[in-house]
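Structure, as structure tokens:
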Amino acid sequence: MEMQQFYYDNKIVKKFIYATIVFGVVGMLTGLLLAFLFLFPNLTDGISWLSFGRLRPLHTNAVIFAFVGNAMFAGIYYSLQRLLKARMFSDFLSNLNFWGWQLIIVAAAISLPLGYSTSKEYAELEWPIDIAIALIWVVFGINMIGTIIKRRERHLYVAIWFYLATFVTVAVLHIFNSLALPVSAMKSYSVYAGVQDALVQWWYGHNAVAFFLTTPFLGLMYYFIPKAANRPVYSYRLSIVHFWSLIFLYIWAGPHHLLYSALPNWAQNLGVVFSIMLIAPSWGGMINGLLTLRGAWDKVRVEPVLKFFVVAITGYGMATFEGPMLSLKNVNAIAHFTDWIIAHVHVGALAWNGFMAFGLIYWLVPRMTKGPLHSLKLADFHFWIGTLGIILYTLPMYVAGFLQASMWKQFNPDGTLTYGNFLETVTQIMPMYWMRAIGGTLYLIGMLVLVYNIIQTVRANAAIEDELAEAPELQRISSSRLKGEKFHPWLERKPIQLTILATVAILIGGVIQIVPTLMVKSNIPTIASVKPYSPLELEGRDLYIREGCVGCHSQMVRPFRSEVERYGPQSKAGEFVYDHPFLWGSKRTGPDLLRVGGKYNDNWHFNHMWNPQSTSSGSIMPGYKWLFDNSALDISNIEGKMKAMQTLGVPYTDAEITDARKSMDTQGQLIEDNLHADPDFVKSYENSKKKAVARGEKFIPMKNREIVALISYIQRLGTDIKVKDNN
């Protein structure tokens, strides 16, 4: 049989590896800064683009899409070529994939600190960047499928099944969750509202974890662990069961993020059932990975790469056992909104994704540079300090989570809350936040050790060049099943049929959950007293989104005695029908705000936003001084915003849109008048007026500043439900 010579494209793998390392450092540095902002909330005082609310989505996006995303591409581009015995379909598409992805990351790194955010977790990027993500993802898919079509290896190995499922599912999730109506170049509103928006978001949010952080890395596990251990995969049959059951079940599990919320009970219960079932395929994959190392455990003692892989798979097993446990309603009632969830997320991110990426880099770079790793001892040091960092990060967060939940729920014998002041909880968990910062520091030190080790390896060895290979051309055989050929082996040589079946498997759960919630009105009963936001409140809500307040405050009162006592009546689906996007939140660093309207006067909110510690002793909330600047609230697009909302079904009349600025002026003046009731405000206000005049600046009345719009929104929260419904 005639052999064909060709070159594997190693240069594209090199680019993705270098990007993984650079953005890994950036993402982890940002995370460490956020950890220290819990300890020193005014560390970046007055710098809007370094505030916690704006940096948190930057951290999550940098770690998920920049660090893990680039590692995923590096591993796929390396393994796919060798599994298919073919160079990537198009060098141009490979480079377009790389540079397009890096430009998207840079766009995120610029836009998120500037406050351009949709507020939807793991999907905060605004609509032009979302379109770019979809286009570059399609480029990646075309390149992968094109390579599969021109392959020289008939059989599609298990890793490729996971790569195909990743491509299809992420495309579906991203497109449907990102559907939004643009208002301007960097502002849009989700086409879904309230309960529907929450369901679609967590269908995406949970499965972004499943199909961006898990399935591609399982594919990499199936390729790189057998390679590193020089052992075959433990069980071919188990890999088949693992793949199909995982992609079918995972897509149903999103609603477990919304237990005890205003989501219909049937959807919540479906999420719980399928989340529990997920233990089986997840642990099947973990067992398949660990048992692949049978007979090779002596290597684990001496090879850092295998150490990283073993802890990564163990972390995957822990996280995928804990996830289904957290979906049980009685466990979720304790864990949700607490730091327990932060611990859970970081077991997956630091151990599973982080250590898999590190093992990948340590294995790939020496092979592509045709020389040894600079220092095995440094790699060992990285492993141990990284492992210690994970332990010191996660264990204190578990303790903090249990402490928060128990303190929030405690009652005195007379029926009052034992810890009525939310800040009593915060002060108790500060030692745990210190330990988290120390753990994060150790993990980052390990990353910096990797940077040094890889630089020295690259400098000492040969330059990374394309690699010569040869293989016979694939001979055509019947497309129908051969005599005695079972269904799955036939499917493994039919990429189109495999992709179609995988698509059907992932669509079933999404369709059954989402379509009824969008189409059946009885799922979201309306409340007559709930009215749309006034123009000023709408602008204030956009500021709330811009500043990332939803990252620390929830707007969802669950049906627990402790929460109703602390916050007010439980949440109802009809309260959120005009909320584009929903703002239920997933963490309570501060108290729930759904019923905060009217609880404090305007002066309290004014002082609280300037210096939170002045109104709330022990608060770890930063000040938002830029909201008070002598500059006007931008209302240039208020009519466009209201028209967009009108298009989405919010019942604004044309007259209300026409009179929007007049309405804003009237409501703003009322708040400013209320602020003048405080003599300290009057004194400060007059002083700032004199200073502005002395500098020759135009003085902006308080009613026209951002802080007043934000106060108007906060004071509106929950007030509709207190109005008697006469209908």
Side-chain angles (χ1 to χ4, degrees), residues 38 52-53 56 119-121 194-195 197-198 201-202 257-263 268 329 332-342 400-401 403-411 416-429 527 530 533 537 540-541 544-545 547-576 579 581-600 604-605 608-609 612 615-616 618-621 710-711 713-722:
F38 277 85
F52 181 90
R56 183 184 178 272
S119 83
K120 298 174 77 167
E121 215 155 338
V195 171
D197 195 37
Q201 157 57 25
W202 283 112
H257 291 262
L258 301 169
L259 300 183
Y260 294 110
S261 72
L263 188 74
Q268 294 184 38
K329 281 196 165 185
N332 187 276
I334 300 167
H336 195 54
F337 291 137
T338 75
D339 282 306
W340 181 346
I341 305 302
I342 307 302
L403 194 59
Q404 285 167 314
S406 59
M407 290 181 76
W408 291 346
K409 294 176 183 292
Q410 278 190 48
F411 281 88
T416 58
L417 288 164
T418 305
Y419 303 101
N421 183 348
F422 187 92
L423 285 169
E424 291 178 276
T425 316
V426 176
T427 53
Q428 288 297 313
I429 60 177
I527 301 171
V530 175
Y533 298 105
E537 291 158 1
R541 192 173 197 267
Y544 186 95
I545 290 170
E547 300 306 336
C549 303
V550 70
C552 290
H553 294 282
S554 58
Q555 291 184 23
M556 175 54 59
V557 181
R558 297 174 293 177
F560 304 148
R561 178 187 164 206
S562 58
E563 294 205 5
V564 172
E565 183 73 24
R566 187 183 298 275
Y567 300 120
Q570 75 177 78
S571 302
K572 298 161 182 67
E575 289 185 73
F576 308 101
D579 285 7
F582 84 113
L583 294 175
W584 294 359
S586 56
K587 170 79 161 60
R588 283 183 186 150
T589 304
D592 188 275
L593 298 182
L594 184 64
R595 308 275 178 238
V596 77
K599 186 175 181 181
Y600 307 100
W604 188 92
H605 287 295
H608 183 65
M609 296 304 293
T615 57
S616 311
S619 172
I620 58 172
M621 175 176 156
L710 184 60
I711 290 172
Y713 170 66
I714 292 172
Q715 291 289 42
R716 169 66 186 275
L717 287 172
T719 54
D720 284 344
I721 209 72
K722 297 171 188 173

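Values below: all heavy atoms of this structure, side chains included; hydrogens, waters and symmetry mates excluded.
For Arg541, the side chain to side chain contact (heavy atoms under 4.5 Å, CB included) partners two or more places apart in sequence, or in a different chain, are Tyr533, Ile545, Asp579, Pro581, Leu583, Tyr713. Scanning for ring-ring contact (aromatic ring centres under 6.0 Å, His included) contacts around Tyr260 gives Phe560, with sequence neighbours left out. For Ser619, the side chain to side chain contact (heavy atoms under 4.5 Å, CB included) partners at least two apart in sequence or on another chain are Leu423, Pro612, Gln613, Ser616, Met621. Applying the side chain to side chain contact (heavy atoms under 4.5 Å, CB included) rule to Ala262 yields the partners Val195, Met556, Ala573, Phe576, Trp584; only residues at least two apart in sequence or on another chain are considered. Ile341 is linked by a side chain to side chain contact (heavy atoms under 4.5 Å, CB included) to Leu326, Ala335, Val345, counting only residues two or more places apart in sequence or in another chain. The side chain to side chain donor-acceptor pair (under 3.5 Å) test applied to Glu575 returns Arg595, not counting sequence neighbours.
Ile429 CD1 to Ile620 CD1: the interatomic distance, rounded to the nearest 0.5 Å, is 6.5 Å. Here the CZ atom belonging to Arg56 is positioned 8.0 Å from the OG1 atom belonging to Thr589, to the nearest 0.5 angstrom. One distance of note links CD1 of Ile342 with OG of Ser586; it measures 7.0 Å at 0.5 Å rounding. How far CZ of Arg566 is from OG1 of Thr416: 11.0 Å, rounded to the nearest 0.5 Å. For the atom pair Lys409 NZ and Thr418 OG1, the distance stands at 13.0 Å (nearest 0.5 Å).
Looking at Lys120 and Asp197, a side-chain N of the basic residue comes within less than 4.0 Å of a carboxylate O on the acidic one, giving a salt bridge.
Taking every heavy atom of both residues into account, Gln268 and Leu263 meet most closely at NE2-O, 2.7 Å. Asp592 approaches Ser554 most closely through the heavy-atom pair OD2-OG, 2.6 Å. Closest non-hydrogen pair, Phe582 versus Gly194, comes out as CB-O, 3.5 Å. Here the closest heavy-atom approach between residue Ile334 and residue Ala405 is recorded as O-CB, 3.2 Å.
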Intermediate values then yes/no, side-chain contact (heavy atoms from CB on, under 4.5 Å), Phe411 and Leu417: CA-CA 4 Å; Phe411 281 88; Leu417 288 164; 3.9 Å; yes
Criterion side-chain contact (heavy atoms from CB on, under 4.5 Å) on Trp408 and Ser562, from CA distance to verdict: CA-CA 7 Å; Trp408 291 346; Ser562 58; 5.6 Å; no
Stepwise side-chain contact (heavy atoms from CB on, under 4.5 Å) check, Ile527 with Asp720: CA-CA 9 Å; Ile527 301 171; Asp720 284 344; over 6 Å; no
CA sep, side-chain torsions, deciding dist, call: Gln555, Leu717, side-chain contact (heavy atoms from CB on, under 4.5 Å): CA-CA 9 Å; Gln555 291 184 23; Leu717 287 172; 3.6 Å; yes
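The closest side-chain heavy-atom distance from Gln201 to His257 is not below 4.5 Å.
Looking at Glu563, its side chain does come within 3.5 Å of a backbone N or O of Arg558 through a donor-acceptor pair. In this structure a side-chain-to-backbone donor-acceptor pair under 3.5 Å is missing from Glu121 to Gly551. The backbone N or O of Asp339 lies less than 3.5 Å from a partner atom in the side chain of Gln404, making a donor-acceptor pair. Counting only distance, with no hydrogens or angles, the side chain of His553 and the backbone of Pro591 share a donor-acceptor pair below 3.5 Å. Lys572 places a side-chain N or O within 3.5 Å of a backbone atom of Gln570 that can act as its donor or acceptor partner.
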